[in-house]
Amino acid sequence: MNNNTEPAGEAYKALHFIEEIIEKDLAEGKNQSRVHTRFPPEPNGYLHIGHAKSICLNFGLAERYNGLCNLRFDDTNPEKEEQEYVDSIMEDVSWLGFRWEGEPRYASDYFDQLYAWSEMLILRGKAYVDDQSQEVISEQRGTPTRPGTESPFRSRSVEENLDLFRRMRAGEFPNGARVLRAKVDMASPNMHMRDPILYRILHSEHHRTGDKWCIYPMYDWAHGQSDYLEGITHSICTLEFEIHRPLYDWFLDQIVEPGAYRPRQIEFARLNVSYTVMSKRKLLQLVQEGIVNGWDDPRMPTISGLRRRGYTPESLRRFADLVGVAKRDNVIEVDLLEYAIREDLNKRATRVMAVLDPLKVVITNYPEDRTEEMETVNNPEDEAAGQRLIPFSREIWIEREDFMEEPPSKFFRLAPGREVRLKSAYIIRCDEVVKDGQGHITELRCSYDPDTRSGSGTDRKVKGTIHWVSASHAIDAEVRIYDRLFMDADPDGHKDKEFKDFLNPESLRVIPHAKLEPGLSLVNHGERYQFIRLGYFCADKDSTPGKPVFNRTVTLKETWKKA
RNA sequence: UGUCCGAUAGUGUAAUUGGCAACACGUCUGAUUUUGGUUCAGAAGACUCUAGGUUCGAGCCCUAGUCGGACAACCA
């Protein structure tokens, strides 16, 4: 069975290695030719763009092969996990546009079954209780190049192991007093096979099971078994778990009948993005040390941060598609992320006029009491978006950087004696530059050509077109100009420096009084616009009626270089 | 001195399974443009990690090596 046939007209897209594995399994009728994946985050932090790749992969595969995808919280460590994270994860996955099969699952749903299987292992002589301290166990484990040594408790009787394990569960021992270990192979070249720990004692409240348990299963013991219980066929994870796969399989061997259904672990290379950090630990550090304003700070590579920044779910899914799936370590250039959001917003964002650094222009030959409503197109890429009217009058704001007193030859904007077109309005010429006592430019006095009204059919051309906003009609807005958080392409790739040494001091610049066209006074947070010639901006949740707050998502592509 | 994994333009991913190394981002030209955006046309950029081998033919198969990554939490 080959599901690879694409609809006619669509470009052939090569299968990545996981799709190849799946198609082979499907063809062989493995696991009744089902495809069932899962996204298994630990609720100990917010999801980031790397998780988005994994989400798109797992849910995308299920979609492509008419399968299912579960959302499962890997909540086996009550000391780090919180409900807040569970909630944020569900919100992020849904926002990305995916629907998990049934209710969210939790590894903690399977604690009873895991416990029962553990007793089974003990009964079969495949697990034992070890009384040694963490330090001693760690010492005995050896090193990657030196085999471990067996614990003196390894040969305890089944009865004693069972009794001790039950008493561990009953809460008779303090944290760290004993652990349950699988009896595998202390001489294995794979460290994970050297009698891995199944259960540790943790007298702490679990966010879902409360105080029902004081022993908690380790990741390796919980994960594959959870996959099995959920009927997962393809358990996709990142490369660092590759070395765990023999253990994943060993555990499954203990509970799965040969030839029957069985999940398979497949590893792919995690996403890295230049100029950012991706570890939850470091992101948590940025939040806790107040370097950013929370997990959803628009500078964070978290899904909630990108959402607040103005990224669309479509752009993130497109990005996940563009980065591909393979097994080699990779660093994706941020440019690709920015390409993805520009591509999307170019098609859908309404163009509006906004002046961030206002310079007053007085049009001396324009009547003082006059206001014209100029028609302007909402989106040149989307005719259906229609037109709207914007007010024009004698005094306007233009961008300060759109004027130069002594312009280089390639400068197409306003300068003394030069002309520019005001977008959707008239061509003006700069006649006079007004300065204050310090030589600071305070105002430009210009004259307009009445025959050049936009849409009047005039054919007079000028080199440049600039944006503007009528001074008497403009509203004030706060605009937050975000730039990359780190100045180095690989912030944690330096031996003698810490990632925080590369923080960009100008990652956030707040413009308290930007001038916007009046139609923008009432915006709903999350609305996205293109500020003409400046970039894409998204209304922040801090907006209030009459005083919007905008976040800059990304600039427009800048191909112009100074001479 | 171990085990596992990986290596193709600057970046990422392909190469229909052994047949002229392609696509995307990025870079550079030019055209169009009432956004220096978009769009369009084009260009540069690769000893496919190295050395052997198999073959009429190797990015792909084999051998050896080099380089990079992962593994020594009672984290996931």
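All values derive from a computational prediction rather than experimental measurement. Order of the sequence lines fixes the chain letters, A, B, ..., with proteins taken first and strands second; residue numbering starts at 1 for each chain.
When the P atom is compared between B:C61 and B:A15, the two are found 12 Å apart, to the nearest whole Å.
Scanning residues 377-385 of chain A for heavy-atom distances under 4.0 Å to RNA chain B yields A:Pro380, A:Glu381.
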Sugar-phosphate or base contact per nucleotide [nucleotides 65-76 of chain B; S, B, -; heavy atom under 4.0 Å]: ----SBBBSBSB

Base versus backbone protein contacts along nucleotides 17-26 of chain B [heavy-atom cut-off under 4.0 Å; B, S, -]: B------SSS

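Considering only residues two or more places apart in sequence or on other chains, A:Lys53 meets the side chain to side chain donor-acceptor pair (under 3.5 Å) condition with none of them.
Under 4.0 angstrom from either OP1 or OP2 of B:U8 there lies at least one side-chain N or O belonging to A:Arg328.
Counting any heavy atom pair closer than 4.0 Å across all strands shown, A:Phe411 reaches a base atom. If you check every strand for non-hydrogen atoms under 4.0 Å, A:Gly148 touches nothing. Residue contacts for A:Lys347: at a heavy-atom cut-off of 4.0 Å it reaches no nucleic acid atom on any strand shown.
Counting only distance, with no hydrogens or angles, the side chain of A:Thr209 and the backbone of A:His206 share no donor-acceptor pair below 3.5 Å.
In B:U11 the base sits anti relative to the sugar, since the glycosidic angle is further than 90° from 0.
Side-chain contact check for A:Thr350 and A:Asn379: no donor-acceptor pair (N or O, by modelled atom type) lies under 3.5 Å.
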When the side chains of residues 271-278 of chain A are checked against the rest of the protein, which donor-acceptor pairs come out under 3.5 Å, sequence neighbours left out?
{"residue": "A:Asn272", "atom": "ND2", "partner": "A:Asn330", "partner atom": "O", "Å": "2.9"}
{"residue": "A:Ser274", "atom": "OG", "partner": "A:Val334", "partner atom": "N", "Å": "3.0"}

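Scanning atom types as modelled, one donor and one acceptor separated by under 3.5 angstrom connect the side chain of A:Ser454 and the base of B:U34.
When base pairs are accepted only as Watson-Crick or G-U wobble with both N-N or N-O distances under 3.5 Å, RNA chain B takes part in stems of 3 or more pairs at B:2-7 with B:66-71, B:10-13 with B:22-25, B:27-31 with B:39-43, B:49-53 with B:61-65.
A residue-by-residue look at A:Val325 and A:Arg245 shows that A:Arg245 has its nearest nucleotide of RNA chain B further toward the 5' end.
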